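Everything on this sheet refers to the single structure shown next.
Quantities reported herein were computed from a predicted structural model and do not represent experimental measurements.
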Amino acid sequence: MNVEELINGKKSLGVESPPDSLLSPPTNQDIVHSDPTQNSQTPSDNAQELDYCICERKSCEEGEIMIQCDFCEQWFHLPCVNLSPRLIADIETYVCSACTNEQKKTIYKQRLNCHRHDYSDPNAAKKPVQAGTQIFVDHLLKKKFKDAFENGIVKKIHSGDILTRDYFEKNKFETPILIEDKTTLGFTMPSSDEIDLSKIENIVGGDYSIDVIDVERQEVYQMSITELNSYFKTEPREKIYNLISFEISKTKLTENITAPKIVEELSWVSNGVWSNDEQENNSASKQSHIIKPEVQKYCLISAGRSYTDFHIDFGGSSVWYHVVKGDKIFYLIEASDENLKIYEEWNKLKNQSEIFLGDKIQDCYQFELKAGNTILLPSGWIHAVYTPSDSLVFGGNFLHSHSISLQLKIYEMETRLNTPEKYRFPAFETLQWYAAKFFTQILKEKNSKKECVDFKLHKNLKYLNNMLRKWITSKDYYETHDYEIPKKINCDKLVKIMNKELNKSELLLKSQVVHKKKMSTDKPQKEVLNYTNITDGIKVDADDSTESAPIKLKIKLKPMETSEQSVNQDEGGDIIDGDYVYPNLGETSAEQANFEQKSGRKRKIKPFAAHYLAPKGESLANQDDLDQDEDYFDDEEEADDNDEDFKLKVKNNLKLSNKLKKKQLKKEKLASEGKDQNDKKTTGLTPSAIGTKQKNKKGQATTKQRLGKLLKLNRIINI
């Protein structure tokens, strides 16, 4: 068959596809094994001497794939022989149409396993299961995960009306939010009856090229919309394809789809942060590279049993995700520092596909997203997605002000992992410079009005300022990143001005915090203490006239009962409170209260009379074992009821106390005459001082010790 016959018969060539044996159990059929790159590659220079394809085109475009016949060694462009790039890896031996006969036919690789990406590997029996394979999916569905709804990881709301800018300013956007009613999100979204893959083909065009993932091989291939539509109409399917990177902003389909209103308000690309000055003035050569990021509208079409392994959306961007048809199962991991560190180390592994990240993390959660549901996924969340049945989803990515620091951390991680530019957020650094310019102006306005910005926003902007300074001070930044720097922004000047405004804003925030702290820590009014003379009623049997002991001792009493509350007293007049009985100490005289008010002395009164407490139902006066109690005053000698000398000492002490009373009355008189006696400190007798082992210069017991004896005597003898 000559070249002309091949050209005439080109239209009759069918689209080659792998036979059903690819999904069938292995057989004993002999297969010639060869290097998979042997017959599919870009021709070398020495191949120019050979014949080129049936189209007689003597060249191939950069990156274009050609296939070589294993018999005639002629090179062919894949479209010229109706071969798809996704089938190359499955071809064992290729035979062109001119060489094909009963003995010579194209041989496809046979499936030898169901747990490896290379399912024709004859040595796969002892190798681990890889992500996305049929065996992996079966194991995944048997695993048990924590429920994201029950553990409060995903917040479920019926209406999206509450999702406003004020809502996210008051509440942190750090938790996924599931919205059940799509009509409350303010976006344009067709129903499942209004759109399908065939209608998308009519709107976009059947020749539109898209990147499709072969789930079992975890490889990306190019395919047209028409081919994808034909694949979904085929049953049974020999492959599992997953389309997750179809951005529709530049197609006619964008007229039928809009992002939720809250996404438009938060996204830096659509809320005014991104400047259009560069597009209006793109005459300079470098500015032609700055293109507005179009990542806010994606169409995702997935076949049943599709699986996308754990990942973080590029640039740490947040995600909106609406399911039109089918359902999705999400496996979520929080964006904590520890989890991000584990995720980065996992990405560096050569056998990454053999290790399930969810097993390395302490908490991995699961939830199901059904048709009609919408999810807002915050920045930095690590997630994998499984598709139980064919599904159609619309979604998008956006950067915003509530996760600036986390977005920059993810971007730095992508740099460390050498992520290809194709899989990174477009114009990410350009957007950061625009954000710095935008928020510097806001800081200026706030500072001029002495108004504080949100504390979390201030923290994020400070992180952004530090990162920008790090960029411009790195070696060769302006040479290597010149295409990402907006023409009208002076980077050095902007970083300095932004830092200056942040310092001013920080002072305002600190003053606000100090004011709030002062208001919250204002001391309440001091509690008014009630005092009484605990020695009222003590009598001294002496030759002189009997009189009350004039000893002034103060203790803190419980606040007075209200009219609605009654004070319980026993037969002896003692006060009963709960499980304890207090002695009835009487009331403070008006004269004594007046003196206490005028005397400027302030002392801390320690709790006293704890040894007077007695269990309810027992009388204090009738307790015979009180004299055997512990000595609370730590005196050097023990009290004895029959010690006449001790009784005489007590009598003398009472006489001494009368002298003290006269001295106090004298001072009160002087105070009433307006004379200042504050320089002469009086001897204050407080319960905290009673019982100390101090002695005067003559070696005798001090007045405090004598009064301690007196109080103890009141318990053990009846004077």
Side-chain angles (χ1 to χ4, degrees), residues 14-41 65 67-70 78 81-95 100 103-142 211-223 227-228 230-243 302-309 350-356 384 386-390:
V15 176
E16 296 190 46
S17 59
D20 295 339
S21 60
L22 283 176
L23 295 180
S24 304
T27 63
N28 295 326
Q29 181 180 359
D30 294 332
I31 298 175
V32 179
H33 298 285
S34 62
D35 186 357
T37 61
Q38 180 179 351
N39 59 350
S40 62
Q41 55 185 349
I65 300 176
I67 190 168
Q68 185 183 36
C69 177
D70 288 337
L78 295 185
V81 291
N82 288 336
L83 273 179
S84 173
R86 67 181 183 277
L87 300 179
I88 294 298
D90 294 324
I91 295 178
E92 184 72 31
T93 302
Y94 176 71
V95 181
T100 300
Q103 291 78 26
K104 301 176 183 178
K105 293 182 180 180
T106 299
I107 300 176
Y108 287 90
K109 295 178 181 178
Q110 184 143 0
R111 180 184 288 276
L112 301 177
N113 67 80
C114 296
H115 69 284
R116 301 291 295 178
H117 293 163
D118 182 7
Y119 41 71
S120 60
D121 182 4
N123 302 317
K126 297 182 180 181
K127 295 181 180 180
V129 177
Q130 290 182 300
T133 60
Q134 297 181 27
I135 299 297
F136 171 84
V137 170
D138 292 338
H139 290 173
L140 178 67
L141 297 178
K142 294 177 182 179
D211 289 336
V212 177
I213 299 175
D214 184 338
V215 175
E216 289 188 283
R217 285 194 178 274
Q218 289 295 297
E219 294 181 0
V220 180
Y221 303 109
Q222 281 195 339
M223 184 184 293
E227 288 179 304
L228 184 65
S230 300
Y231 160 78
F232 274 94
K233 291 179 179 179
T234 303
E235 291 291 347
R237 299 167 187 162
E238 299 163 347
K239 297 273 189 176
I240 301 176
Y241 290 133
N242 191 11
L243 172 62
S302 305
R305 292 180 68 85
S306 294
Y307 173 78
T308 304
D309 209 356
K350 294 182 179 179
N351 61 337
Q352 173 189 352
S353 63
E354 300 173 356
I355 300 174
F356 185 68
Y386 172 69
T387 308
S389 58
D390 293 354

Within this structure, what is the CG-CD distance for the pair L78 and Q222, rounded to the nearest 0.5 Å? 11.5 Å
Quick check against the 3.5 Å criterion: does H117 have a side-chain atom that pairs as donor or acceptor with the backbone of E219? no
Looking at every non-hydrogen atom in both residues, tell me the closest pair between H115 and P128 and how far apart they are. CD2-O, 3.6 Å
For side chain to side chain contact (heavy atoms under 4.5 Å, CB included), just list the numbers for D211 and Y221, CA-CA rounded to whole Å, side-chain angles, deciding distance to a tenth of an Å, and then say yes or no. CA-CA 6 Å; D211 289 336; Y221 303 109; over 6 Å; no
Between D138 and R305, is there a salt bridge with N-O shorter than 4.0 Å? yes
Under 3.5 Å: donor-acceptor pair, side chain of Q130, backbone of S353: no
Does R116 offer a backbone N or O that forms a donor-acceptor pair with the side chain of N113 under 3.5 Å? yes
Flag side-chain contact, heavy atom, 4.5 Å: K239 against R217: yes
Considering non-hydrogen atoms only, spot the tightest contact between Y307 and A131 and give its length. CE2-CB, 4.1 Å
Mind running side chain to side chain contact (heavy atoms under 4.5 Å, CB included) on I67 and I91 for me, showing each step along the way? CA-CA 10 Å; I67 190 168; I91 295 178; 4.1 Å; yes
Rounded to the nearest 0.5 Å, what separation is found between the CZ atom of F136 and the CD atom of E354? 12.0 Å
4.5 Å side-chain heavy-atom contact, R86 and Y241: yes
Which heavy atom of V137 sits nearest a heavy atom of G132, and at what distance? CG2-O, 4.3 Å
All heavy atoms of I240 vs all of A303, minimum pair found to be CG2-CB, 4.4 Å
Donor-acceptor check, side chain of D70 to backbone of V95, threshold 3.5 angstrom: yes or no? no
Any chance you could measure Q103, atom CD, to K105, atom NZ, to the nearest 0.5 Å? 9.0 Å
Any Lys/Arg nitrogen of K127 or D118 sitting under 4.0 Å from an Asp/Glu carboxylate oxygen of the other? no
Dump the intermediate steps for side chain to side chain contact (heavy atoms under 4.5 Å, CB included) on T106 and Y94, then the final yes or no. CA-CA 5 Å; T106 299; Y94 176 71; 3.8 Å; yes
Taking the side chain as everything from C-beta on, heavy atoms only, tell me whether N242 gets closer than 4.5 Å to T387. no
Return the minimal non-hydrogen interatomic distance between T133 and C114, and the atom names on each side. CB-O, 3.5 Å
Supply the atom-to-atom distance Q218 CD to I213 CD1, rounded to the nearest 0.5 angstrom. 6.5 Å
Please report the closest heavy-atom contact between S120 and K109, naming both atoms and the distance. OG-CD, 3.5 Å
How many angstroms lie between CG in L243 and CZ in F232, if you round to the nearest 0.5 Å? 8.0 Å
